[in-house]
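Reviewing the structure listed below.
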Amino acid sequence: MSIRSKIFCSIFLLALAACQKQTESQQVATNSASVATTRAQTASASTSAVSASQIATQQKKRIWVQYPDPNTPLSPEASLGKQLFFDATLSASGKMSCATCHEPDHAYAPSNNLAVQLGGSDMQQPGTRAVPSLRYLAFTPKFTRHFYRPSSEGVEDEGPTGGFTHDGAVDSLALQAAIPILAANEMANLTAGGFTERLRQSPSAAAFIKLFGADMLQRPEQALERAGAALEAFQMEDYSFHPYTSKYDAAVSGETQLSDAEMRGFIVFNDVHKGNCAKCHTNQIGPGGRPAQFTDFEFEAIGAPRNAEIPANKNPAYFDLGICGPARKDLIKETNYCGMFKTPTLRNVATRQVFLHNGVFKSLDDVIHFYAERDSKPEKWFPKSHGKTELYNDLPKKYRENVDHITAPFNRKKTDGPVMTEAEMQDLLAFLKTLDDGYRKVGH
């Protein structure tokens with residue numbers, strides 16, 4: 001093993017041992033139970049008293065990673081789900097399928113730089129949030145208001161955790177699939193009956209009837225549920241939704257080594273006084289050797305700037321409050337959650353063209369600089385109102401106190417200056433690019 005690989009092993013073990021978030025005890029969504037969920041095995045050995053070669057040996061013995069088999073055939077339900085995923089005739093316009101916004105060649109995310117996508121019966125109706133990637137969602141736990149993590153003092157309340165979509169509104173990929181199918185500004189079926197009628201006349205009808213029976217099409221609500229379940233099976237089973245073919249995975253597996261800049265960026269990523277990215281985007285091996293997910297599935301209010309490119313934002317009274325509405329209805333009164341959105345995985349983050357829930361940033365470099373400078377250079381990121389910088393202007397003033405000021409890098413004062421140097425930010429960018437799939441060969 002090269003010196004560079006040994007150093008990476010050392011850093012990797014230290015990062016695992018120091019990681020502040022534990023996702024192993026989170027309840028995994030029922031549909032992922034068939035994936036490895038055995039007890040977590042993580043490294044806790046001190047690296048200060050052992051040589052680099054001993055660390056490498058420990059990594060082989062204790063940090064084991066189970067990657068999915070790309071040759072696993074799809075079940076009949078998942079095969080139907082694949083057909084439904086690409087079937088544009090299931091939309092009111094006849095032009096929109098799931099793949100329209102979740103493009104396989106772009107990590108199941110949009111390939112354009114629009115803040116929100118267009119849909120509806122005329123394909124001209126704008127959305128209100130940036131479309132997320134559908135990769136690496138299989139281990140998303142069900143939503144809970146309070147996730148309790150073991151700590152040295154008992155347990156710590158990490159707050160809202162889990163669920164699908166930016167606000168965690170639904171607890172399964174099957175339920176998530178129904179949202180765009182029915183939404184007026186997406187596939188625009190509006191009702192289960194409308195969807196079932198289009199399904200009956202679609203190229204997917206024969207496969208659906210073969211699997212569920214012709215009488216199922218006479219029960220719209222159940223037909224929609226079955227279609228959602230098939231779409232969920234496709235996303236759970238198909239290798240392309242969880243390939244783990246990044247350079248980072250190759251480095252963890254000992255197949256390659258990070259460059260000097262990438263290694264420095266990895267250190268910044270884990271440094272609790274610098275990027276502190278690993279606090280929310282955990283790079284910890286999970287239960288059963290599950291590869292790092294780079295998210296803790298929790299929620300944060302980071303105070304992103306308002307995006308004028310979203311048509312809904314032209315109304316000064318409109319605010320997307322995340323967990324507490326307007327898309328999500330059940331937690332509207334829990335105003336301490338207003339402004340919180342779910343932490344996404346950072347896998348394939350460098351392939352995106354818009355960032356954050358409102359797509360306000362067009363480059364990953366801008367996102368990094370915003371995180372580093374939000375509080376030390378607020379005038380760079382927020383507009384002025386009556387001669388003063390209007391901080392966190394995508395939230396009503398009464399909810400701006402919900403914005404995180406405790407967790408680094410958001411615990412700075414204006415006089416402190418940016419939390420990272422320009423060189424450190426560029427190194428961090430270099431590391432984040434190692435999380436893009438496509439480096440390792442399929443089948444590894």
Side-chain angles (χ1 to χ4, degrees), residues 31 77-104 108-110 112 114 116-134 137 163-236 238 241 310-312 320 325-330:
N31 57 11
E77 189 174 29
S79 295
L80 170 62
K82 183 175 184 178
Q83 187 169 349
L84 296 174
F85 192 88
F86 294 95
D87 191 344
T89 68
L90 298 176
S91 65
S93 66
K95 298 178 181 179
M96 173 174 274
S97 70
C98 302
T100 301
C101 295
H102 301 285
E103 301 178 46
Y108 286 100
N112 59 47
L114 297 177
V116 294
Q117 302 300 305
L118 300 175
S121 59
D122 58 359
M123 291 298 289
Q124 295 300 313
Q125 306 307 308
T128 55
R129 293 174 178 169
V131 173
S133 168
L134 290 183
L137 299 180
F164 293 87
T165 75
H166 286 296
D167 54 23
V170 294
D171 280 337
S172 72
L173 285 167
L175 293 172
Q176 182 276 327
I179 296 175
I181 287 174
L182 300 178
N185 58 1
E186 296 189 62
M187 296 178 73
N189 286 286
L190 305 184
T191 66
F195 168 72
T196 305
E197 182 57 33
R198 291 190 174 91
L199 176 59
R200 183 182 291 110
Q201 300 178 36
S202 75
S204 302
F208 186 90
I209 291 171
K210 181 178 179 180
L211 191 62
F212 297 120
D215 62 325
M216 183 59 67
L217 293 174
Q218 306 302 318
R219 302 194 294 273
E221 296 293 340
Q222 290 182 328
L224 178 59
E225 290 177 4
R226 295 295 189 276
L231 287 164
E232 177 182 71
F234 171 51
Q235 294 175 70
M236 291 295 296
D238 194 281
F241 286 95
I310 297 178
D320 187 348
R328 183 167 186 169
K329 307 298 185 183
D330 59 322

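Being a predicted model, the structure only gives us computed values, none of them experimental.
The salt bridge (charged side-chain N to carboxylate O under 4.0 Å, His left out) test applied to Asp330 returns Arg328, not counting sequence neighbours.
Rounding to the nearest 0.5 Å gives a distance of 11.5 Å between CZ of Phe86 and OG of Ser204. A distance of 8.5 Å separates CG in Asp122 from OG in Ser93, rounded to the nearest 0.5 Å. Taken to the nearest 0.5 Å, the OG atom of Ser79 stands 9.0 Å off from the CZ atom of Phe234. For the atom pair Leu118 CG and Lys95 NZ, the distance stands at 12.0 Å (nearest 0.5 Å).
Listed here is the closest heavy atom pair of Asn189 and Phe195: OD1-CA, 3.4 Å. A pairwise comparison of heavy atoms in Ala88 and Ser91 identifies O-OG, 2.8 Å as the closest pair. Closest heavy-atom contact between Ser172 and Glu232: CB-OE2, 3.5 Å. Of all heavy-atom pairs spanning Ser121 and Ala188, the tightest one is N-CB, 3.9 Å. Taking all atoms of both residues into account, the shortest heavy-atom contact from Gln117 to Val131 is CG-CG2, 3.5 Å. The two residues Asp87 and Pro203 come nearest to each other via the heavy atoms OD2-CD, 3.6 Å.
Within the 4.5 Å cutoff, the side chain of Thr89 has no heavy atoms near those of the Arg198 side chain. In this structure, the side chains of Leu231 and Ile181 come closer than 4.5 Å at one or more pairs of heavy atoms. For the pair Leu134 and Phe85, the minimum side-chain heavy-atom distance is below 4.5 Å. Using a 4.5 Å cut-off on side-chain heavy atoms (C-beta onward), Leu84 and Leu199 make contact. When side chains are defined from C-beta on, Met187 counts as touching Leu90, because their heavy atoms get closer than 4.5 Å. For the pair Pro326/Asp320, a side-chain contact is recorded, criterion being any heavy-atom separation below 4.5 Å from C-beta on. Looking at Asp167 and Arg129, their side chains come closer than 4.5 Å, going by heavy atoms from C-beta outward. Within the 4.5 Å cutoff, the side chain of Phe208 has heavy atoms near those of the Arg226 side chain.
The salt bridge (charged side-chain N to carboxylate O under 4.0 Å, His left out) contacts involving residues 180-197 comprise Glu197-Arg200, where partners must be two or more places apart or lie in separate chains.
Between the side chain of His102 and the main chain of Pro132, a donor-acceptor pair closer than 3.5 Å is present. Between the side chain of Asn185 and the backbone N or O of Gly119, no donor-acceptor pair lies under 3.5 Å.
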If you look only at distance, which donor and acceptor atoms sit under 3.5 Å apart when one is on a side chain in residues 212-222 and the other is two or more places apart or in another chain?
unit_1: Asp215; atom_1: OD2; unit_2: Arg219; atom_2: NH1; d: 3.3
unit_1: Arg219; atom_1: NE; unit_2: Gln222; atom_2: OE1; d: 2.3

Checklist line | Test log, rule side-chain contact (heavy atoms from CB on, under 4.5 Å), inputs Leu175 and Phe164 | finding: CA-CA 9 Å; Leu175 293 172; Phe164 293 87; over 6 Å; no
